[in-house]
Protein chains: 2
Amino acid sequence: MRIGELAERAGTTTRTLRYYESRGLLTARRTEQGYRTYDEDDLRLLQQIRTLQDFGFELEETRPFVDCLREGHPTGDACPASIAVYRRKIAELDGLIEQLQAVRAQMGAQLLRAEAELPHGPEPRCELGTERDTGTDTEG
Amino acid sequence: MRIGELAERAGTTTRTLRYYESRGLLTARRTEQGYRTYDEDDLRLLQQIRTLQDFGFELEETRPFVDCLREGHPTGDACPASIAVYRRKIAELDGLIEQLQAVRAQMGAQLLRAEAELPHGPEPRCELGTERDTGTDTEG
DNA sequence: TCTTGCCTTGACGTCGGCGTCAAGGCTTAC
DNA sequence: GTAAGCCTTGACGCCGACGTCAAGGCAAGA
């Protein structure tokens, strides 16, 4: 298939595929006329990249998975290098989540304080019955 | 005080302060020589901005807090507009945390699966005695 | 033949929050 | 007088993952 079809099947754009190629992640055969052509393996490789991107991976971080697939493994994470990246990203995620939860807690406290100090009391944003609940729960 | 001192006291750079000024967030009086001068109120305003930035606010989102302080309120969140931003950001945070936790769970599962399918079993990354500890610390 | 629609390469634009450099002015110390 | 150290404005650079535009080639259909 050519670049337009691959892009559409993967739910992305031709620009993105050319960009991946420029980064050395997605190579293409060429027709005599210079058109890029791809096969189903390329589609799988591309889907792997997109999945990881959706997970928040930077492009460079997808490279071990791409290499793994290129080596003939059935999945991109069937290699130690990919697994190492998984581990690193999970640790990053855990740290980030922890940070965000801390910020969330601080902001929640600030909000409560600020609301309490407002001249006219806790601003009735929208009347959900009474003030029994603000709708936000602080579960861990 | 002049820009250098303010920057240092706020733990930031002169470039940043000029940038804030260009965005209309931090105004300055001028000496006859054209030097920017600031007072303690400006420092407080700047600290407010920096705190919010640390919370992950975009500059534009700090504007209501800045306006609030300029109106003479003791804190930047003593105004309805600021509180509205708090609420929005908290909702954003909650959504983001939820997303990240979902991604985290998926990646954890993927990692387990991939490890299990590795030829030589679950890769002994490094032998830390036994598996008594995963060693995650919370960086600042 | 002409239009339509795919493809090519190349190159500049975007966004946010600054970093960094250039060229120069003011003041103070030596 | 000159070097140091502050300040000024202006402008380009950076990062990541592309978007978008330009100018043109190739193929298929009316």
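Chain letters run A, B, ... following the sequence lines, proteins first, then strands; residues in each count from 1.
When the P atom of D:dA17 is taken as reference, atom CG of A:Leu52 falls 12 Å away, rounded to whole Å. Between A:Glu21 atom CD and D:dC18 atom P there is a gap of 15 Å when expressed in whole angstrom units. Per the geometry, CZ belonging to A:Arg63 stands 14 Å off C1' belonging to D:dA17, to the nearest Å. Atoms CD1 (B:Ile3) and P (C:dC18) sit 13 Å apart, rounded to a whole Å. Between the CD atom of A:Glu61 and the C1' atom of D:dC15 there is a distance of 14 Å, rounded to whole Å. Protein atom CD of B:Glu32 is 19 Å distant from nucleotide atom P of C:dG25, rounded to whole Å. Rounded to a whole Å, the CD atom of A:Glu58 is 18 Å from the P atom of D:dC14. In this structure, B:Leu17 places its CG atom 16 Å from P of C:dT20, rounding to the nearest Å.
At the heavy-atom level, A:Arg18 lies under 4.0 Å from base atoms of the strands shown.
Distances shorter than 4.0 Å separate none of the side-chain N or O atoms of A:Arg2 from OP1 or OP2 on D:dA27. Considering only side-chain N and O atoms, A:Arg36 lies nowhere under 4.0 angstrom from the phosphate OP1 or OP2 of C:dC7. In this structure, B:Gln53 reaches the C:dC18 phosphate: one of its side-chain N or O atoms is under 4.0 Å from OP1 or OP2. Neither OP1 nor OP2 of C:dG17 sits under 4.0 Å from any side-chain N or O of B:Thr16. Here B:Tyr20 reaches the OP1 or OP2 of C:dC18: one of its side-chain N or O atoms lies under 4.0 Å away. Contact annotation: A:Gln33 reaches the phosphate of D:dA27 (side-chain N/O to OP1 or OP2, under 4.0 Å). One finds a side-chain N or O of B:Thr13 lying less than 4.0 angstrom from the OP1 or OP2 phosphate oxygen of C:dG19.
Take the nearest nucleotide of DNA chain C for B:Tyr35 and for B:Phe57: the residue whose nucleotide is more 5' is B:Phe57. The residue among B:Arg15 and B:Gly4 whose nearest nucleotide of DNA chain D lies closer to the 5′ end is B:Gly4.
Closest approach to the B:Arg50 side chain among C:dC18, D:dC26, D:dC7 is made by C:dC18 (side chain taken as heavy atoms from C-beta onward). Of the listed nucleotides (C:dC26, D:dA17, C:dC6), D:dA17 has the atom at the smallest distance from the side chain of A:Tyr19.
Comment: B:Glu60 engages B:Arg63 in a salt bridge, judged by a side-chain N to carboxylate O separation of less than 4.0 angstrom. Using a 4.0 Å cut-off between a side-chain N of Lys or Arg and a carboxylate O of Asp or Glu, A:Glu92 and A:Lys89 qualify as a salt bridge. A:Asp42 has a carboxylate O that lies under 4.0 Å from a charged side-chain N of A:Arg29, or vice versa, which qualifies the two as a salt bridge.
Nearest heavy atom pair, residue A:Met107 against residue B:Ile90, reads CE-CG1, 3.6 Å.
Looking at A:Ser82, its side chain does come within 3.5 Å of a backbone N or O of A:Gly76 through a donor-acceptor pair.
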